[in-house]
Amino acid sequence: MDAERRKKLEKTTRYESAEVEARIFAEWIEGGYFHPKPDGDPAENYSVAIPPPNVTGALHMGHALNGSMQDALVRMNRMRGRNALWTLGTDHAGIATQAVVEKMLAKEGTSRQELGREAFVERVWAWKEEYGSRIVEQYKRLGASLDYENERFTLDEGYVKAVYRVFKQLYDKGYVYRDNYMVNWDPGSHSAISDLEVENREVEDTLYSIDYPVEGSDRVLTVATVRPETMLADTAVAVNPDDERYADLIGEHCLLPLVGRRIPVIADEHVDPEFGTGALKITPGHDPNDFEIGRKHGLEEIGVIGPDGRMNEEAGEPFAGLSAAEAQEAVVAALREEGRLREEEPYVHSVPFSERSGARIEPLISLQWFCRMDELAAPAIEVVERDEVRITPPQWKRVYLDWMREIRPWCVSRQLWWGHRIPVWYCDACKETIVAEEAPAECGACRGPLRQEEDVLDTWFSSALWPFATLGWPEDTAELRAFYPTSFLTTAREILFLWVARMIMTGIEFAGDVPFRDVYVHSVIQARDGRRMSKSLGTGIDPLEEIDEHGADALRFGLLAMSSTQDVRFSDAKVQQGADLANKLWNASRLILLNVAEVEAAPRPAGVEDRWLLSRLEETIASVTAKLEEYDFAHAAAEAYAFFWSELCDWYLEIVKPRLYEGEEEVSATLLWALERTLALLHPIMPFVTEEIWSYHPSRHGHLTVHSFPGADQSLLDPEAEAEVRTGIELTRRLRAWRDLVEAPAATVLPARAEGAPPREFVGRLARFEFGEDGGDPVAAVGPVKILASEAIDAEAIASRLEARREELRSEVSRAEGKLGNEKFVARAPAEVVEEEREKLERYRAELEELSE
RNA sequence: GGGCGCGUAGCUCAGUGGGAGAGCGCUCGCCUCACACGCGAGAGGUCGCUGGUUCGAACCCAGCCGCGCCCACCA
């Protein structure tokens, strides 16, 4: 260490994250440590594909947590010498991005319709170029060791190739098809959306009962509905086949009020005779259940509500042109006028809404592209059943399997402009449909001009290919051979189906292997008050503000420490704990680095405390490593913290300070060695502060980020030393507590005499007792230590202290006696438990006797 | 309707059968030559309720109360 560096270390008594982080990060990038060569094979390498954040996004707490976990594992494995790749990239996020740009256009007083498709898409690209990299910069602030030299985007050239290849192959296999089918129409984004993008909310509606007259009779069938406007599209009334009340009406017809259409009365088991009157109006065009029933019975499918959410011509006068809500009022009024409205009652039920736009879903029949999932799901079920893809925590395995076993076709087309335009071309002349990876020049059948499908693919169709498309698939690339399958994936559970399941399916089908070996479903960090963190609720906490204020290491430590298997509230205290730890690391390191002798770092135990520390260090390394490997980040962080703070700093450093100040070589070597291993162990969790401290370490020959990760050294384990030091620590604690109880002045050294073997030297020093040989009168006893009379302590305090301790002991003795007096306990409890209890009893009795003298 | 999870110190959370833990907060004492973002010592829990199993239960079982999440086509 040169004089200038030494001076800086001497005077910097507080760790300043803001001063350190940008500088250290630049060094890592310059070193090229995060951009591995595609050598080796996936079994020996380590790779992770980042869940691609949306280009619209800014780093939020979920990213920060997820990123802290991934980075911890990637860094640990990189330090272990594995070729480690953490792939960076972003998602074009169809609906979300389109919505953002449309909002911007609205502010400019224009719209995508006005611009036209081509110009609009150009605007989105321009927007992406400007804002799309924002989140990447934010990941750097977090310290994420991503491969910044190879950033992917789900719409970049190579990626589009992968998407088109997959679509084409699925089409050729007959999995992808086009059909007129009931879809979730989102009037907000003017597109169909998948089942997974729909959320059900409780809504209070009115349940209307309407009389449908039976043709050629004066009977009526009363049906109940919350959407009376859809009656205009009714094509049947259904009753349960076993419902005797209506048995004679099956096969008859009703006359649809307001419309006059003859609609059949049909029998279907889906109808619950207990609900309402037991008669159900059937609207195949606007209700998913009715659609199923309609297809089963071959009913006509009429659509009266258009994609714009308004009534179309099929609705007839006077309803055509009204919004659905207006139409509802008008229909109810008309029914009331005709005397067909029997009842109106408030009714609470769950209603589908679009997660994207928030609009109420309008179920309608529409011509869309679908993907059949059964065949893709089958092997994806098997690999999870056989734990070839392990899901942690394990309860999510069943959730995954349950969903996969019930999987339904996936509507993959979206009526948007931003996304992968579906690779299908139509010939209007000869009605030919061509599915191709590249645009055909002309119709193969009649040489006529071709028109490409207007629709784009669901964003998740492309993200499903993420782990292999980012590595260059469908080309046979070196990256693919080196890094696929990836090692693990960590994700929020909300995208387990939307994304994770689909990656497993496409990985097996197209890349020939599972996309990752391990899936860790992490907990959700809630707002401080327990609500969801969300921008719209105003409950979000900005990770960048936390980083600015406390440092990236503090946030990383805090997030890992607060994460567990259950959802937790964001804890400022845990982030502060991380900041405190960074500062403590810095200062403990200053103590060591500024005082050691010039020696090689090495374990050179000279005293029992050295052997104790080395043993505890090895145990901690083994334990923290095991915790990280099983994705138990919270305990890994907590254990590393406890070892460093309580054992290394509070005890070991205090014990060896005199030796350190004397410049003893053994303790210097041991301290440097322990510091090196501790920094390396903590580096995956707190990369910045550990790297910064490492830059002052005399053993440094390169960056810590590529230093070897410590493997636990069994030969340093030393149970005897641990037991002995533990005894000394325990005695020190009791002596300190005694001082406090008798209110001895903090700085005063009290006289004492040891009975039997004298305690370790540090006991007297740290507890501030001076052990002598002379035989003054003992005024109290703490374990083997007799405390001698002195002016600093008063007798009354001693008496009360003695009594308090005796009381404690009496209670312990009676507890142990009670237990041992229980014949059943002695007879049935394991022998070692009973023996332990006997030893305790003896010990307490002995001490009690001693104090009663 | 089905499934999963939670209820432990004032707060946020660990703890899956043998004497209740952490961080923060609180009280008392310390500017002890690494750190006051610090050091030392404490106070503070009938482990949601009721039963059961067991020599022994925060932990296993049953029921109940309260809270949360996911899935689901009852109009």
Side-chain angles (χ1 to χ4, degrees), chain A residues 9-10 13-15 200 207-209 223-227 230 238 270-272 274-283 287-293 347 349-350 352 363 393 395-396 398-399 402-403 406 493-494 496-497 524 526 528 530 532 550 554 558 561-562 564-574 576-577 579-595 634-635 638 641-642 649-650 653-654 657 660-661 732-733 736-741 743-747 766-768 812 815-816 819 822-830 832-834 836-837 840:
Chain A
L9 194 54
E10 273 169 2
T13 58
R14 273 157 79 151
Y15 173 68
N200 292 299
L207 185 65
Y208 297 92
S209 298
V223 299
T225 180
V226 291
R227 301 211 51 198
T230 65
H270 174 263
V271 181
D272 176 5
E274 306 291 317
F275 188 91
T277 59
L280 174 64
K281 72 191 266 300
I282 301 297
T283 320
D287 182 277
N289 301 317
D290 296 4
F291 176 78
E292 298 285 336
I293 295 172
Y347 185 68
H349 64 144
S350 74
Q395 62 263 34
W396 298 105
R398 228 191 75 202
V399 174
D402 286 349
W403 185 77
E406 298 282 317
R493 58 177 170 265
E494 61 181 8
L496 188 61
F497 308 142
V524 175
Q526 302 164 330
R528 291 179 251 257
R532 243 169 58 81
H550 305 285
M562 72 182 89
S564 67
T565 51
Q566 70 164 317
D567 293 351
V568 289
R569 299 172 184 212
F570 184 82
S571 164
D572 296 288
K574 283 283 191 293
Q576 187 57 50
Q577 196 181 348
D580 292 347
L581 176 57
N583 189 57
K584 190 81 170 174
L585 275 164
W586 175 253
N587 279 297
S589 302
R590 286 176 60 230
L591 171 67
I592 295 168
L593 295 169
L594 290 171
N595 291 287
H635 288 106
Y641 175 94
C649 291
D650 288 350
L653 288 180
E654 294 305 327
K657 260 180 190 174
L660 178 63
Y661 289 142
T732 308
R733 285 214 166 99
R736 283 167 167 175
W738 188 88
R739 296 181 62 104
D740 245 48
L741 260 155
E743 294 174 335
L766 298 184
R768 293 183 187 248
E812 291 294 348
R815 188 194 56 77
K819 243 181 157 171
N822 180 345
E823 280 172 34
K824 287 179 176 172
F825 170 74
V826 177
R828 301 197 196 182
E832 63 269 24
V833 174
V834 177
E836 208 179 319
E837 208 56 48
K840 285 180 199 163

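Residue numbers start from 1 in every chain, and the chains themselves are labelled A, B, ... in the order their sequence lines are given, proteins ahead of strands. Here the structure is a predicted model, which means the values were calculated and not measured. The analysis underlying the following values was restricted to heavy atoms, covering all of them including side chains, and did not include hydrogens, waters or symmetry mates.
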Measuring from atom CZ of A:R569 to atom CZ of A:R528, what distance do you get when rounded to the nearest 0.5 angstrom? 12.5 Å
Report the distance from atom CZ of A:R739 to atom C1' of B:U32, rounded to the nearest whole Å. 12 Å
Distance between the P atoms of B:C59 and B:G52, in whole angstroms? 14 Å
Report the base-pairing partner of B:G42 (Watson-Crick or G-U wobble, both distances below 3.5 angstrom), or none. B:C26
Under-3.5 Å N/O pairs linking protein and nucleotides 4-12 of chain B:
residue: B:U12; atom: OP1; partner: A:R569; partner atom: NH1; Å: 3.2

Over how many whole Å does the gap from A:Q577 atom CD to B:A14 atom P extend? 14 Å
5' priority, RNA chain B, between A:A561 and A:V226 [closest heavy atom]: A:A561
Nucleotide paired to B:A36 in any strand shown, Watson-Crick or G-U, under 3.5 Å: none
Rounded to the Å, how far apart are A:E836 CD and B:G56 P? 19 Å
Close N or O pairs between protein and nucleotides 71-74 of chain B (under 3.5 Å):
residue: B:C73; atom: O4'; partner: A:N289; partner atom: OD1; Å: 3.1
residue: B:C73; atom: O2'; partner: A:N289; partner atom: OD1; Å: 3.3
residue: B:C73; atom: O2'; partner: A:N289; partner atom: ND2; Å: 2.5
residue: B:C73; atom: N1; partner: A:N289; partner atom: OD1; Å: 2.8
residue: B:C73; atom: O2; partner: A:H270; partner atom: NE2; Å: 2.8
residue: B:C73; atom: O2; partner: A:N289; partner atom: OD1; Å: 2.9
residue: B:C74; atom: O2; partner: A:D272; partner atom: OD2; Å: 3.3
residue: B:C74; atom: N3; partner: A:D272; partner atom: OD2; Å: 2.7

Just to verify, what does A:R590 make a side chain to side chain donor-acceptor pair (under 3.5 Å) with, not counting sequence neighbours? A:N587
When both distances are under 3.5 Å in a Watson-Crick or G-U wobble arrangement, the nucleotide paired with B:A14 is none
Separation of A:D290 CG from A:L280 CG (nearest 0.5 Å): 5.5 Å
For A:Y347, which residues count as a ring-ring contact (aromatic ring centres under 6.0 Å, His included) partner, sequence neighbours excluded? A:H349
Contact pattern, 5' to 3', of nucleotides 35-40 of chain B - B, S or - by protein heavy atom under 4.0 Å: B-BSSB
Atom CE of A:M562 and atom P of B:G23: how far apart are they, to the nearest Å? 16 Å
Nearest 0.5 Å, please: how far is OG1 in A:T230 from NZ in A:K281? 2.5 Å
Do the charged groups of A:D567 and A:R493 touch, with an N to O distance under 4.0 Å? yes
With a 4.0 Å cut-off on heavy atoms, is A:K281 in touch with a base, just the backbone sugar-phosphate, or nothing at all? nothing
Any A:S564 side-chain nitrogen or oxygen under 4.0 Å from OP1 or OP2 of B:C13: no
Given that both distances must come in under 3.5 Å, which nucleotide forms a Watson-Crick or G-U wobble pair with B:C6? B:G66
What distance, rounded to whole Å, do you find between the two P atoms, one in B:C61 and one in B:A43? 35 Å
A:R14: salt bridge (Lys or Arg N to Asp or Glu O under 4.0 Å) partners, not counting sequence neighbours: none
Taking CD from A:E743 and C1' from B:U27, how many angstroms apart are they, rounded to a whole number? 13 Å
Within this structure, what is the CG-to-P distance between A:L660 and B:C33, rounded to whole angstrom? 15 Å
Can we say A:R398 and A:D402 salt-bridge, meaning some charged N sits less than 4.0 Å from an Asp/Glu carboxylate O? yes
Using the ring of each side chain (for Trp, its six-membered ring), is A:W586 parallel, tilted or perpendicular to A:Y15, with breaks at 30° and 60°? tilted
In the structure shown, which nucleotide is the Watson-Crick or G-U wobble counterpart of B:C74, with both distances under 3.5 Å? none
Spacing between A:N822 atom CG and B:G18 atom P, to the nearest angstrom: 17 Å
Could you tell me how far B:C60 sits from B:G2 if I compare only their P atoms? Round to whole Å. 24 Å
By the 4.0 Å heavy-atom rule, please label A:P830 as base, sugar-phosphate, or nothing. base
